[in-house]
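First the structure, in the form of structure tokens, and then the observations on it.
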Amino acid sequence: MLKPLLLKIYGVYAALAFVVVVLLLFCPLLIAAPTLRIRRTIGRITVRAWRAAIFVPLRVRGLDHLPQTPCVVLCNDARCVDGIVLTAALPENFIF
């Protein structure tokens, strides 16, 4: 009975953290950034900051297997969280 309540409280906290970290702190920086490279870097920092604020760990393995040549990275998930995770996990020369 306590677990559903705690999950709801955490959900509200995570949503509030999203609004504060992503929308209030970093979106103005993204809008004002002069180049695409800077916007991508800010986006990557934004995702990592939000993930840290909501205490969600991210462990990335196998980056050494990514090719140095142009390629397509696919994910097998129907949720909209893929872009957020890939932004935080992939090196800066990859975009999603």
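Along the sequence shown, residues are numbered consecutively beginning with 1. Computation of the quantities below employed the complete heavy-atom set of this structure, encompassing side-chain atoms and omitting hydrogens, waters and symmetry-equivalent molecules.
- When the ring pair (Phe, Tyr, Trp, His ring centres under 6.0 Å) test is applied to Tyr13, no partner is found at least two apart in sequence or on another chain.
- A pairwise comparison of heavy atoms in Pro28 and Leu23 identifies CD-O, 3.5 Å as the closest pair.
- Here OG1 of Thr46 is found 9.0 Å from CG of Leu25. Values are rounded to the nearest 0.5 Å.
- Arg44 contributes a side-chain N or O that, together with a main-chain N or O of Thr87, makes up a donor-acceptor pair within less than 3.5 Å.
- In this structure, CD1 in Ile31 is found 13.5 Å from CZ in Phe26, a value given to the nearest 0.5 Å.
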Residues 50-67, side-chain donor-acceptor partners within the protein, below 3.5 Å, at least two apart:
{"from": "Trp50", "atom 1": "NE1", "to": "Ala14", "atom 2": "O", "distance (Å)": "3.4"}
{"from": "Arg51", "atom 1": "NH1", "to": "Val56", "atom 2": "O", "distance (Å)": "3.0"}

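- Under the side chain to side chain donor-acceptor pair (under 3.5 Å) criterion, Arg37 pairs with Glu92, not counting sequence neighbours.
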